[in-house]
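Here is the structure we will look at.
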Amino acid sequence: MTDSLAKSDWQEWAEAKKAKGERTAMRKLTDEQIERVVSLLEEGKPLPDDYRPLLFDTKKEYELIYADKEREEDILADTMAVPLQRVKTFRNGKDGNGWTNMLIFGDNLQVLKTLLQMKQEGKLKNADGTPGGEAGLY
């Protein structure tokens with residue numbers, strides 16, 4: 001397989017995807033990157049991990065679909081946020097200016113609803129102090 005043939009095949013594939021209205025993740029690759037991928041494949045070598053998001057559309061979320069499934073918005077609207085019942089608090093730093101982790105007792109859905117509200121109100125922070133806060137690890 002030559003590089004020109006690989007590019008031709010790639011272009012044909014991309015045009016077919018575009019005609020169907022589908023996104024092509026590979027359009028982000030430069031000609032040099034395409035040549036490197038083809039070269040590595042011809043040599044039977046693995047592709048570097050940094051090519052994964054460029055080559056493949058990956059879904060970031062998975063969803064379980066079934067009959068009569070309630071919408072996420074309805075579930076959140078019907079769930080009451082509750083005050084957090086902290087079992088233990090872990091801090092980085094004596095004055096509490098560093099990160100804080102909490103072990104929380106309670107119903108998962110209610111706790112997650114409370115943490116979501118705290119995040120939306122800007123009360124949760126990432127470890128580097130920026131707004132956000134990733135919460136909900138079990």
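FYI, the numbering just counts along the sequence from 1.
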Subject >> Partner residues of Glu70 under the salt bridge (Lys or Arg N to Asp or Glu O under 4.0 Å) criterion, sequence neighbours left out >> reply: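 Once residues adjacent in sequence are excluded, Glu70 has no partner under the salt bridge (Lys or Arg N to Asp or Glu O under 4.0 Å) criterion.
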
Subject >> Partner residues of Glu43 under the side-chain contact (heavy atoms from CB on, under 4.5 Å) criterion, sequence neighbours left out >> reply: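 Glu43 satisfies side-chain contact (heavy atoms from CB on, under 4.5 Å) with Ser39, Lys45 only.
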
Output a table of donor-acceptor pairs, distance under 3.5 Å, between side-chain atoms of residues 72-84 and any protein atom two or more places apart or on a different chain; print 'none' if there are none.
{"unit_1": "Asp74", "atom_1": "OD1", "unit_2": "Arg71", "atom_2": "NH2", "d": "3.1"}
{"unit_1": "Asp74", "atom_1": "OD2", "unit_2": "Arg71", "atom_2": "NE", "d": "3.2"}
{"unit_1": "Thr79", "atom_1": "OG1", "unit_2": "Ile75", "atom_2": "O", "d": "2.7"}

Subject >> Any donor-acceptor N/O pair, Gln33 side chain to Thr30 backbone, under 3.5 Å >> reply: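 A pair under 3.5 Å: yes.
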
Subject >> Within one Ile-Leu-Val-Met-Phe-Trp-Tyr cluster: Val38 and Leu40, side-chain cutoff 4.5 Å >> reply: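 Looking at the clustering, Leu40 is in the same group as Val38.
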
Original post:
Same cluster for Tyr51 and Leu41 if Ile/Leu/Val/Met/Phe/Trp/Tyr side chains link at under 4.5 Å?
Top reply: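 Yes, it is one cluster - the side chains of Tyr51 and Leu41 are joined through contacts under 4.5 Å.
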
Rounded to the nearest 0.5 Å, what's the gap from [atom1] on [X] to [atom2] on [Y]? Could you check?
{"X": "Gln110", "Y": "Lys113", "atom1": "CD", "atom2": "NZ", "result": "10.0 Å"}
{"X": "Leu116", "Y": "Glu121", "atom1": "CG", "atom2": "CD", "result": "9.5 Å"}
{"X": "Arg86", "Y": "Ile104", "atom1": "CZ", "atom2": "CD1", "result": "7.0 Å"}

Original post:
Nearest heavy-atom pair of Val111 and Phe105: which atoms, and what distance?
Top reply: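 Minimum heavy-atom contact is CG2-O, 4.4 Å.
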
Original post:
Does a sphere of radius 6.0 Å around CG in Asp49 hold more than 12 heavy atoms from other residues, nucleotides or ligands, not counting ones at 6.0 Å or beyond?
Top reply: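 Not more than 12 within 6.0 Å, no.
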
